[in-house]
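Before any comments, here is the structure.
The chain is numbered in sequence order, starting from 1.
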Amino acid sequence: RQALEEMRALYERNQADVSEAKSGRSDLIFLIRFRHCCLLRNQRCLLAYLYDRLLRIRALRWEYGSVLPNTIQFHMSAEEVEWFNRYKKSLATYMRSVGGEEGLDLTQDIKPPKSLYIEVRCLKDHGEFEIDDGTTILLKKNSQHFLPRWKCEQLIRQGVLEHVLS
């Protein structure tokens, strides 16, 4: 906001000086050019900031999944939340289009697994959880389970489960 206010003030001063320079004051041209360079620099800085923020928001989708925690969403503007939702939908559409009937979840196994099954501890009550063989497991606080990594990786990122390293 401060940079935008500075840019607005520089622009207004430049507009006033341009009208005077048109009336014959050629000594203001260098000052007008200097202010214009300042405006361009501030614009580049703001665009770099916004692009970095966009990259961080995109990384949140890969880190937390399709639902962001409220603590993170609180620090995002409405436009950033809208961009996140559009990116989420776009990524989901792409993942459904590759990998056969069920699609391919690219967000699983971001790091190559050392083993297919891991031991996890439930950090909060989550309810029933079904794995591929049809077994239903009740995820209660402080319960430990030996589950397929790819089935519980999303819950680990959401803070429901924690990987127990023995």
Practice problem: Say whether Tyr117 and Leu147 are linked into one hydrophobic cluster, either directly or through other cluster members, by side-chain heavy-atom distances under 4.5 angstrom. | Solution: no

Quiz item: With side chains defined as the heavy atoms from C-beta onward, is the minimum distance between Ile57 and Val81 less than 4.5 Å?
Solution: no

Quiz item: Should Val164 and Gln144 count as side-chain neighbours, where that means a heavy-atom distance under 4.5 Å?
Solution: yes

Quiz prompt | Pairs satisfying ring pair (Phe, Tyr, Trp, His ring centres under 6.0 Å), at least one member in residues 73-108, at least two apart | solution = Trp83-Tyr87

Practice problem: Start with the C-alpha distance between Tyr49 and Asp52, add both sets of side-chain angles, then the distance that settles side-chain contact (heavy atoms from CB on, under 4.5 Å), and finish with yes or no. | Solution: CA-CA 5 Å; Tyr49 168 77; Asp52 181 63; 5.7 Å; no

Practice problem: Taking Glu80 for its side chain and Ser77 for its backbone only, find out whether a donor-acceptor pair lies under 3.5 Å. | Solution: yes

Quiz item: Are any non-hydrogen side-chain atoms of His163 and Arg149 less than 4.5 angstrom apart?
Solution: yes

Practice problem: Can you measure from CD1 (Ile72) to CE (Met76) and round to the nearest 0.5 angstrom? | Solution: 8.5 Å

Quiz prompt | Verdict with reasoning, Glu63 to Arg157, per salt bridge (charged side-chain N to carboxylate O under 4.0 Å, His left out) | solution = CA-CA 7 Å; Glu63 185 177 342; Arg157 281 194 231 128; over 6 Å; no

Quiz item: Minimum heavy-atom separation for Cys38 to Leu10, with atom names?
Solution: CB-CD1, 3.9 Å

Exercise. Compare all side-chain heavy atoms of His36 with those of Arg33 and state whether any distance is below 4.5 angstrom.
Key: no

Quiz prompt | Euclidean distance, Leu47 CG relative to Leu54 CG, rounded to 0.5 Å | solution = 11.5 Å

Quiz item: Should Leu139 and Leu123 be counted in the same cluster of Ile, Leu, Val, Met, Phe, Trp and Tyr side chains packed under 4.5 Å apart?
Solution: no

Self-check item: Spacing of Met7 atom CE and Cys45 atom SG [to the nearest 0.5 Å]
Solution: 9.5 Å

Practice problem: Using a 4.5 Å cut-off on heavy atoms from C-beta on, say whether the side chain of Cys37 contacts that of Leu40. | Solution: no

Practice problem: Establish whether Val67 and Leu106 are linked, either directly or via other cluster members, by ILVMFWY side-chain heavy-atom contacts under 4.5 Å. | Solution: no

Quiz item: Below 4.0 angstrom, N of the basic side chain to O of the carboxylate: do Asp17 and Arg35 qualify?
Solution: yes

Exercise. Decide salt bridge (charged side-chain N to carboxylate O under 4.0 Å, His left out) for Arg1 and Glu5; before the verdict, give the C-alpha distance in whole Å, the side-chain angles of both, and the deciding distance to 0.1 Å.
Key: CA-CA 6 Å; Arg1 287 189 183 129; Glu5 289 173 18; over 6 Å; no

Exercise. Output yes when Glu12 and Arg8 qualify as a salt bridge under the 4.0 Å nitrogen-oxygen rule, no when they do not.
Key: no

Self-check item: Separation of Phe34 CZ from Asn14 CG (nearest 0.5 Å)
Solution: 10.5 Å

Quiz item: Is there a chain of hydrophobic side chains (I, L, V, M, F, W, Y, each step under 4.5 Å between heavy atoms) that links Leu46 to Tyr11?
Solution: yes

Self-check item: Atom CG of Asp27: over 12 foreign heavy atoms under 6.0 Å
Solution: yes

Practice problem: Check Cys122 against Lys140 and note the closest heavy-atom contact, atom names and distance. | Solution: CB-O, 3.0 Å

Quiz item: Trp62, Val98: one ILVMFWY side-chain cluster at the under-4.5 Å cut-off?
Solution: yes

Quiz prompt | Contact check, side chains of Trp150 and Leu116, non-hydrogen atoms, under 4.5 Å | solution = no

Quiz item: So Phe129 and Leu138, side-chain contact (heavy atoms from CB on, under 4.5 Å) or not? Walk me through it.
Solution: CA-CA 6 Å; Phe129 181 70; Leu138 183 62; over 6 Å; no

Practice problem: Enter the distance from Ile32:CD1 to Gln15:CD here, rounded to the nearest 0.5 Å. | Solution: 9.0 Å

Practice problem: State, yes or no, whether a side-chain contact exists between Cys152 and Ile118 at a heavy-atom distance under 4.5 Å. | Solution: yes

Self-check item: Candidate pair Lys151 and Asp132, rule side-chain contact (heavy atoms from CB on, under 4.5 Å), full reasoning
Solution: CA-CA 8 Å; Lys151 284 295 278 187; Asp132 283 347; 3.9 Å; yes

Quiz item: So, do Asn42 and Glu6 sit near enough that their side-chain heavy atoms are less than 4.5 Å apart?
Solution: yes

Self-check item: Reported NE2-to-CG distance for the pair His126 and Leu161, which is rounded to 0.5 angstrom
Solution: 7.5 Å

Quiz item: Does the side-chain contact (heavy atoms from CB on, under 4.5 Å) test come out yes or no for Ile137 and Glu128, once each step is laid out?
Solution: CA-CA 6 Å; Ile137 299 168; Glu128 292 186 348; over 6 Å; no

